[in-house]
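Heads up: numbering here begins at 1 and tracks the sequence.
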Amino acid sequence: MKRKLREKMMIRKFAIAISLLTGCRAGAIDPVSIGITPFQPIQITVADIQLVPYCYRVCGFNLAFIYGQIPETAGLSITLGDSMVKNQYGLQIALVNETETYSAGIQLALINYAGINRGLQLGLTNYTENRPADRAVWLPNLQIGLTNFSGRVRKPVPPNSNRAFQIGFVNTATRGIQVGLINYNAESIFPWMLLFNYSRDKTTAY
């Protein structure tokens, strides 16, 4: 029994070693599939050439030229071009930021996009779909820019989609506080307002 257990452990370690040496592409073994989520403290990318394989999360510093594609970043991420990540925690700086699923931190770019924003977007154009989320619903969705878009501006508003706080010339949101020249707020008593608009989250206490 103990011998079989040792053999299984040896196979597991060998699989991990092969994966780490060969990367996660071209049919290599994916560490995630065997219960390992690898990460590296640093990643450097030039177009499609990466210092470490794509499958690694970056917990520390990420630097990319032209564009960078990473599953997850935590810390400081700088891209001289288009930054494409699934989740980001920390500071993401680029010409264009694209966070597919979840952003908890600061996005700084000409154009910022996040599926779910639980932090600050600072740029010329900021957009978040404000999808429903079951984590960190108490964190704000902050947007500062010329044009800010939060959520798909239609009713009914999905539950667990947090309210926005927007400062800009043109603001659109499903709910929240807005300061700008033109403000559209789907749940406000007066959806279209100049200079200021507000609506309370009808599904929660705030």
Candidates Thr99, Asn97, Asn112 - the one meeting side chain to side chain donor-acceptor pair (under 3.5 Å) with Gln107: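 Testing each of Thr99, Asn97, Asn112 against Gln107, the sole residue satisfying side chain to side chain donor-acceptor pair (under 3.5 Å) is Thr99.
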
Please round to the nearest 0.5 Å and tell me the distance separating atom [atom1] of [X] and atom [atom2] of [Y].
| X | Y | atom1 | atom2 | answer |
| --- | --- | --- | --- | --- |
| Leu51 | Thr45 | CG | OG1 | 8.0 Å |
| Ile78 | Phe65 | CD1 | CZ | 9.5 Å |
| Ile42 | Leu76 | CD1 | CG | 10.5 Å |
| Glu100 | Ile116 | CD | CD1 | 11.0 Å |
| Ile106 | Ser77 | CD1 | OG | 13.0 Å |
| Gln143 | Phe165 | CD | CZ | 11.5 Å |

Is there a path from [X] to [Y] through hydrophobic residues (I, L, V, M, F, W, Y) whose side chains come within less than 4.5 Å of each other?
| X | Y | answer |
| --- | --- | --- |
| Leu63 | Ile93 | yes |
| Tyr198 | Ile144 | yes |
| Leu110 | Phe169 | yes |
| Tyr56 | Ile44 | yes |
| Trp192 | Leu195 | yes |

Other residues, nucleotides, ligands: >12 heavy atoms within 6.0 Å of Phe196 CZ: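 Yes - once you tally the heavy atoms of other residues, nucleotides and ligands closer than 6.0 Å, there are more than 12.
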
Tyr102 vs Arg118 side-chain heavy atoms within contact, under 4.5 Å: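 Yes, at least one pair of side-chain atoms sits under 4.5 Å.
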
Ser188 side chain near Asn197 side chain, heavy-atom distance below 4.5 Å: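 Touching, per the 4.5 Å side-chain cut-off.
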
Matching residue for Leu120 among Asn141, Leu108, Leu142 - test: side chain to side chain contact (heavy atoms under 4.5 Å, CB included):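 Only one of Asn141, Leu108, Leu142 forms a side chain to side chain contact (heavy atoms under 4.5 Å, CB included) with Leu120, namely Leu142.
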
Among Ile177, Leu181, Val179, Asn183, side chain to side chain contact (heavy atoms under 4.5 Å, CB included) partner for Asn171: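 Testing Asn171 for a side chain to side chain contact (heavy atoms under 4.5 Å, CB included) against Ile177, Leu181, Val179, Asn183 leaves exactly one candidate, Asn183.
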
Residues Asn62 and Thr73: side-chain donor-acceptor under 3.5 angstrom: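 Thr73 and Asn62 do not have a side-chain donor-acceptor pair below 3.5 Å.
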
Short question: side chain of [X], backbone of [Y] - any donor-acceptor pair under 3.5 Å?
| X | Y | result |
| --- | --- | --- |
| Asn87 | Ser103 | no |
| Gln178 | Tyr184 | yes |
| Thr125 | Thr147 | no |
| Gln166 | Thr172 | yes |
| Asn126 | Phe149 | no |
| Gln50 | Gln69 | yes |
| Thr79 | Ala64 | no |

Ala164 to Ala173 - nearest heavy-atom pair and separation: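 Minimum heavy-atom separation between Ala164 and Ala173: CB-CB, 4.3 Å.
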
Aromatic plane relationship, Tyr113 with Tyr127 - under 30° parallel, 30 to 60° tilted, over 60° perpendicular: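 It falls in the parallel class, under 30°.
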
Qualifying salt bridge (Lys or Arg N to Asp or Glu O under 4.0 Å) pairs with a residue from residues 63-89, counting only residues at least two apart or across chains: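 For residues 63-89, and leaving out neighbouring residues, the salt bridge (Lys or Arg N to Asp or Glu O under 4.0 Å) pairs sorted by first residue read Arg57-Glu72.
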
Pairing residues for Ser83 by the side-chain hydrogen bond (donor to acceptor under 3.5 Å, both in side chains) criterion, not counting sequence neighbours: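 Ser83 satisfies side-chain hydrogen bond (donor to acceptor under 3.5 Å, both in side chains) with Gln92 only.
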
